[in-house]
Undergrad: 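Have a look at this one.
Numbering of ligands and ligand atoms starts at 1, following listing order. We count residues from 1, following the sequence as given.
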Amino acid sequence: MNGLMMDIPLTITSIVRHAERVHGHKEIVSITRDNPRHRYTYRECFARARQLANVLQAWGLDRGDRIATLAWNDYRHLETYYSSACSGYVCHTINPRLFPEQIVYIVNHAEDRYVFLDPDFWPLIEGIADQCPAVEGWVIMTTREHMPESDRADVMCYEDLMSPQSDVFEWPDLDEQVACSLCYTSGTTGNPKGVLYSHRSTVLHTYATLMPDAMNISSGDVMLPIVPMFHVNAWGNPYACPVAGAKLVMPGNKMGDGPTLATLINEEGVTLSAGVPTVWLNLLAHLRESGERIDTLTRIVVGGSACPLSVMEEFDTYGVDTRHAWGMTEMSPLGTTNHAGGHRALYSPEQFAEMRTNVGTPIWGVEIKITDDDNQELPWDGKAFGALKVRGPWICSDYFKLDVSDAHAEPGWFETGDVATVSPDGFVSITDRTKDVIKSGGEWISSIEVENAATGHPKVSEAAVIGRIHEKWGERPLLIVVRAPGEDPSPEELKAYLDGKIAKWWIPDDVQFIDEMPHTATGKIQKTALRETFADYCFPAQQ
Ligand code: ADP
């Protein structure tokens, strides 16, 4: 017997309808190139999204067609998100930090019909536009007076397109299973792969991220998403904030800029923020230098890469609770969050330091398991390392236009490519990417844990660990360090510092110093590049 409940589709359009009526007066503040502090309300945002829908409709697009964006976090990008998805098109967000040839590949692979871009990215696009023949128009998200020079007939000005349009538009009824957005993984190996989100998966992920032990966003919050809207929908914040009625503060192209972030936090009263560890390193460095405070900020969510304990402890001194989270593009992205900070009193300071650096427990909706090489499930005992697999309604079942998916070695489960241990009560520790695992004498060394410990040294700005060939042990860890400004630590000093913080046999055999750490387009340390740089490296004892 079926239940007798209404069958209302879970669509992004329902977010618009709700936010417009209930939270219409709440503010959205953005930094853009043409306005250092643009502000308007959700009501105005969604009215403009309807104006833009009239523009899109006039172009004669078909349902499911892709509209691409190459843009920072700001209000025009938000309008494009909602306008395209609620009209039944797919908003394809492109990461501008990808190599130009990767951008050409994904624009062509996605068959984008129009591309909306920030003026900052015009120089990049101007050089590759001719290699994307299917694109019918390039819309520059600015006003006429800030338009870059171009002779191309297919370049348009966002505000010129908007101004003649009415804000009356009837959003179509959509099936909840239809696609709403598309994001390509950065593809450190091979071509990027497209993850195609549906209205349903987005709405369910939104519900989940709002939960208190997840992102805990409420109408009293002022949210500063420093995670980009060009990668995994800024972790769902552009949907969760209007649902909750939180004020949104968007940093535009100042995402990595410590002083601007501190100013935005203080002047807009930001209570909550989300970003990758590198962003926080920039903010903390600025606060240290300037002596500025960030008193309104109560909590941050950190993910994308492992968050070093030293970052969490420094935020403690500002009264900011750091919540560690783990996820990936294929998971919309949220998979686990660490809520240990909510019950600190249960732990001794040492236990808490250990507890908070893992990535926490799966949020409701995400099922996890770890398996060995034969797909046999491993116990949740905090010791067994295994391939981490996930399933749930906001987890990718297949990649866009790719027939063969190596991500589903086991049917029904998505292989994350991460190696993890799980404690008896479900706390997950990510030890490595499968491809970065270091095996010494047949036993795994967690490069992430070694990196975290090394980053805690005050003379270290960034640290990475890779495995290098060793005659006796097969592989041993090599620590690669970017020194903190003006510092010159010795390898012995760093190794002595690690003693007692990690297992003795995990201590790297040697330390090498470099000036700059290579990063991927999503801000992760690029281990493939490090492995190339140190391809001929031999440990001293073996030379
Ligand atoms: P890409 O940049 O390759 O597109 P994602 O942005 O989807 O990938 O990143 C997903 C990966 O990032 C995860 O599989 C994991 O390896 C890593 N990651 C994400 N959050 C954390 C975390 N809190 N700790 C350690 N690794 C993390």
Undergrad: Do D316 and R344 come within less than 4.5 Å of each other through their side chains, counting heavy atoms only?
TA: yes

Undergrad: Centres of the F116 and H77 rings: under 6.0 Å?
TA: no

Undergrad: If you measure only the distance, is there a donor-acceptor pair under 3.5 Å linking the side chains of W326 and D418?
TA: yes

Undergrad: Would you call D510 and R476 a salt bridge, taking side-chain N to carboxylate O under 4.0 Å as the test?
TA: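 Answer for the salt bridge query: no.
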
Undergrad: Closer than 4.0 Å to some heavy atom of W326 - which atoms of ligand 1 meet that?
TA: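 Listed by number with element, the hits are 13 (C), 15 (C), 18 (N), 19 (C), 20 (N), 21 (C), 27 (C).
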
Undergrad: Mark up the atoms of ligand 1 that fall under 4.0 Å of a heavy atom belonging to V359, in ascending order.
TA: 22 (C), 23 (N), 24 (N)

Undergrad: Run down the list S305, G304, G417, A325 and name the one with the heavy atom closest to atom 17 (C) of ligand 1.
TA: G304

Undergrad: F513 ring centre to R483 NZ or CZ under 6.0 Å, with the angle to the axis within 45°?
TA: yes

Undergrad: I'd like to know if R391 and E367 make a salt bridge, using a cut-off of under 4.0 Å between side-chain N and carboxylate O.
TA: yes

Undergrad: Taking N or O atoms only and a 3.5 Å limit, does D418 qualify as a polar contact for ligand 1?
TA: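 Yes, D418 has an N/O under 3.5 Å of an N/O on ligand 1.
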
Undergrad: Does the N or O separation between V232 and ligand 1 drop below 3.5 Å for any pair?
TA: no

Undergrad: Heavy-atom contact under 4.0 Å between P192 and ligand 1?
TA: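 In this structure, P192 fails to qualify as a contact of ligand 1 - no heavy atom is under 4.0 Å.
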
Undergrad: Out of R433, H324, K435, whose heavy atom is nearest to atom 14 (O) of ligand 1?
TA: R433

Undergrad: Consider every N or O of H231 and every N or O of ligand 1, then say whether any pair is closer than 3.5 Å.
TA: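 Yes.
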
Undergrad: Answer yes or no: is there a donor N or O on one side and an acceptor on the other, between the side chain of T93 and the main chain of H231, under 3.5 Å?
TA: no

Undergrad: In terms of atom number and element, which parts of ligand 1 are under 4.0 angstrom from non-hydrogen atoms of T185?
TA: 4 (O)

Undergrad: Ignoring hydrogens, just give me the one of M328, E451, K524, E330 whose non-hydrogen atom is nearest atom 8 (O) of ligand 1.
TA: K524

